[in-house]
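Working notes, beginning with the structure itself.
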Amino acid sequence: MHGGAADRSGLINVGDEVCEVNGINVEGKSPADVLQILQHSEGTITFKLIPADPKGGARESKMKVRAYFDFNTDVDPYIPCKEAGLSFTKGEILHIVSQDDPYWWQARKEGDRNMRAGLIPSKALQERKIIHERLSMADQKKKWVLDTINGGCIGGGGMTCLPDRSLAKDPLCGSLAALNDLGEDMASECSVRTRVKKVIYDAAESDDYDREDIATYEEVVKLYPRPELPRPIVLVGPPGVGRNELKRRIMELNPDKYHTPVPHTSRSPRPGEVNGKEYNFVPRELMEEQIARGEFLEFGEYKGNLYGTSLESVKSIIRSGLTCIINPHYQALKMLRNPDIKPYIVYIKPPVFDILKSTRNAAFAMSTFDETNSRGFTDDEFNEILRSSKRIEFLYDHWFDEIIVNDDFKSALEQLLEADHKLKTEPLWAPAAWLQ
Ligand SMILES: Nc1ncnc2c1ncn2[C@@H]1O[C@H](COP(=O)(O)OP(=O)(O)OP(=O)(O)O)[C@@H](O)[C@H]1O
């Protein structure tokens, strides 16, 4: 292990061949056999080695990654040696020091310079675990449907059938509970979708595509602030959580610093509307062509007219040296997260139901689920906000640079201003791919 006793002694190197341990010939023996001998040895241990080519010694890798999952060495059923494992939580930065083994990499936590390296699952191993997890979940759902039908639970005498939640305890099924909740959410979403939005946006990519992505590790580097090209702030969150209000207020506080792109529309200007101010008015055919070419971050149709935000409008604000602030539909994240834009993604999270309801009611907040915006939120709508927040977190939380809980509005705004200050003054971890 990097940083372990053998490594620190400087006497044993990667590639050395072990011939004898305490005088016992171990040629042809497996590593497990040699470990047995070591476990039964006391005091000084003597190795007889054939040294590897001194010039061919393994160099410590400099790769840093952000972990996109939690790993707990105490509960992992596959780790060859629990004591040698390195537990971590989602979002932590790990310094990968060795990828020699295809299944178990060696890593240190960023900043822990003196710490001995520990074993972590390799990308390939973690991907296999996730695929296994998804397959067992699909099997479980199939089994549940069959059991339900065979057991006569559908319409059967008031009996309630629920999927077996105990599976969530299996370490390989760690996110099963989240997925089950999600399944229920999707079913219940249908019942709440009676709302009419002012503008219904569609993004080019679908959620299902994103769910196919297997998030394990992402190589990261420190990105230094460039005042001439400020990174845009992207506010994501469930509809109705308050992203628009936060964007409006931050721009009101600093009109010379923050800008938001002017949306495009295919509808004709109304009296008094100026092209490039309220909207960029474009002919429908042109907007359709631009959408087909993938030039729109998000788009949708409302009352026969197209509306959307173009990628170019975001880029032109960045080039002007102003901080672009946008609150797109969460499906636009995939398109935004690229080296040209380098977004700083802030997730606006709703507080728990009681606080969500009391803060919004106290502020006489207007429901964004109501087309006329003339009434408060209903309990169903608060629940819908919470349900869609769970869904967004499940799909995209590994991309969030910052999470702000929007309970008290003033404090949420302060946190957003602090986040922007950090963005402008500190080097922050970002995907290495953005610099290549
Ligand atoms: N922390 C808060 N406390 C009280 N009211 C709030 C808070 N945050 C937002 N609101 C109010 O909630 C309502 C909805 O906010 P907003 O329009 O910003 O939501 P949104 O996330 O942009 O939703 P949509 O994407 O559906 O337009 C507004 O009336 C806003 O003033």
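One-based numbering, in listed order, for ligands and for the atoms of each. Scope of the values below: all heavy atoms of this structure, side chains included, with no hydrogens, waters or symmetry mates. Just so it is clear, the model here is predicted, and its values are computed rather than measured.
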Minimal heavy-atom distance between W434 and N338, with the atoms involved, is NE1-C, 3.8 Å
query = Does an N or O anywhere in R243 fall below 3.5 Å from an N or O of ligand 1?
reply = yes
Check your understanding: Does G240 reach ligand 1, in the sense of a heavy atom lying below 4.0 Å from it?
Key -> yes
The atoms of ligand 1 lying under 4.0 Å from a heavy atom of P239, numbered in the order shown, are 23 (O), 25 (O), 26 (O)
The atoms of ligand 1 lying under 4.0 Å from a heavy atom of T368, numbered in the order shown, are 14 (C), 17 (O), 19 (O), 23 (O), 26 (O), 27 (O)
- Message: Is there a polar contact, in the sense of an N or O pair closer than 3.5 Å, between E245 and ligand 1?
- Response: yes
Any atom of ligand 1 sitting under 4.0 Å from a heavy atom of D407?
yes
Nearest heavy atom to atom 5 (N) of ligand 1, choosing from A363, P351, S367, belongs to A363
Practice task
Look at the aromatic rings of F88 and F69 and report parallel, tilted or perpendicular, splitting at 30° and 60°.
Solution key: perpendicular
For P121 and K129 the tightest heavy-atom approach is CG-NZ, 4.2 Å
| task | May I ask you to check if ligand 1 and L246 share an N or O to N or O distance below 3.5 Å? | result | no
query: Checking salt bridge (Lys or Arg N to Asp or Glu O under 4.0 Å) for the pair K123/E219: CA distance, chi angles, key distance, verdict?
result: CA-CA 11 Å; K123 189 175 166 60; E219 190 176 351; over 6 Å; no
- Message: Taking distance alone, with N or O pairs closer than 3.5 Å, would you say V241 contacts ligand 1?
- Response: yes
Counting from 1 in the order shown, the ligand 1 atoms closer than 4.0 Å to a non-hydrogen atom of N406 are 1 (N), 2 (C), 7 (C), 8 (N), 9 (C)
Q. Are K64 and W429 in a cation-pi setup, meaning NZ or CZ lies under 6.0 angstrom from the ring centre and within 45 degrees of the ring axis?
A. no
Checking heavy atoms under 4.0 Å, the part of N244 that sits near ligand 1 is both
Name the orientation class of the two ring planes belonging to Y330 and Y396 (parallel below 30°, tilted from 30 to 60°, perpendicular beyond 60°). tilted
Report yes if some N/O of A365 lies less than 3.5 Å from some N/O of ligand 1; otherwise report no. no
Side-chain ion pair, R284 and E301, N-O less than 4.0 Å:
yes
Open item on the list: Can you classify the ring geometry of W104 versus F71 as parallel (below 30°), tilted (30 to 60°) or perpendicular (above 60°)?
Closed with: tilted
